[in-house]
Amino acid sequence: MEWPRTVEDAVALQERLRTQVITASAPDLRIDTVAGLDVGYRSNDAVAGVCVVFDAKTLVVLDEVVVEDTTDFPYIAGLFAFREMPVLLRALDQVAVAPDLLVADGQGLAHPRRFGLACHLGVHTGIPSIGVAKNPMGTFAQPGHARGSTSDLVMEDEVVGRALRTQDGVKPVFVSVGHKIDLDRACAEVLRLAPRYRLPETTRRADTLTRQAASSA
DNA sequence: GCGACAG
DNA sequence: ATCTTGTCGC
């Protein structure tokens, strides 16, 4: 199926693909490498997609790719993937190390149709994925003050993710399952990726590269 | 009808 | 997302 150009087609595609999401981890799921994906904007339609692969244990950067592109799909909350996915897939294609997990900047199941960017990336590639958003979609109770504390992220009486405190006292990040992983594991991975700062290293590094690209060429 | 609404 | 250096506070 071709890439949607209209809101109606985009929504229809989400409704169709949402049924393919797997919210459990394979018994032998091993995560040795993790990719951070992010997009930066130089103008309204000029984008830079970044894919950075980390060693999950040491957090050493194994490879990173920046791709310049343009987009015509406007930003619409809920249809985020149709704006950012094409560039991200190009960046992911060019990375030399195959990631065991994709970490997307945005939501996974915490989405109006339970199919945010992280789910779409996961279903499309078949690679386990999670979404880490700086802002919530849904409601949540304030998690405890300590690093590692969590609370449910709720949408329409459904638990769609978790508010996760990655450092003592900082604003939580919002974690939701993308594909082929369970929520507990997803949160554990985010904590492992954020030993020192609020945002996971995947997001931080991808973000840096993104604006580096936007200000150079 | 009005406001909300990942990046 | 983007505008962006020094500065306030623990």
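We use all heavy atoms of the structure for the numbers below, so side chains are in, but hydrogens, waters and symmetry mates are not. Throughout, protein chains are lettered first and strands after them, A, B, ... in sequence-line order, and every chain is numbered starting at 1.
- Rounded to an integer number of Å, the gap from A/Phe82 CZ to B/dG7 P is 17 Å.
- Summarising the geometry, the separation between OH on A/Tyr41 and P on C/dC3 is reported as 14 Å, rounded to the nearest angstrom.
- Smallest separation of non-hydrogen atoms from A/Val160 and A/Arg114: CG1-NE, 3.4 Å.
- When the side-chain nitrogen and oxygen atoms of A/Tyr75 are compared with OP1 and OP2 of B/dA6, one or more of them lie within a distance under 4.0 Å.
- Classified by interplanar angle (parallel below 30°, tilted 30° to 60°, perpendicular above 60°), the ring pair A/His120/A/Phe115 is tilted.
- Distance, A/Gln107 CD to B/dA4 P: 18 Å, rounded to whole Å.
- The distance from atom CD of A/Glu156 to atom C1' of B/dC5 is 13 Å, rounded to the nearest whole Å.
- In this structure, the NZ atom of A/Lys134 is 9 Å from the C1' atom of C/dA1, given to the nearest Å.
- Geometric assessment of A/Arg205 against the ring of A/Phe54 yields a negative cation-pi assignment under the 6.0 Å and 45° thresholds.
- Listed pair A/Asn44 / C/dA1 fails the phosphate criterion, with no side-chain N or O lying under 4.0 Å from OP1 or OP2.
- Rounded to whole Å, atom P of C/dT4 lies 17 Å from atom CG of A/Asp207.
- A/Arg83 has its CZ atom 13 Å from the C1' atom of B/dA6, to the nearest Å.
- Residue-level contact check: A/Leu79 touches the bases, meaning some heavy atom is under 4.0 Å from a base atom.
- The aromatic rings of A/Phe73 and A/Phe82 lie tilted to each other, with the angle between the two planes from 30° to 60°.
- A/Gly131 comes within contact range of no nucleotide atom at all, as no heavy-atom separation falls under 4.0 Å.
- Under 4.0 angstrom from either OP1 or OP2 of C/dT2 there lies at least one side-chain N or O belonging to A/Arg211.
- One atom, CZ of A/Phe140, and another, C1' of B/dC5, lie 15 Å apart when rounded to the nearest Å.
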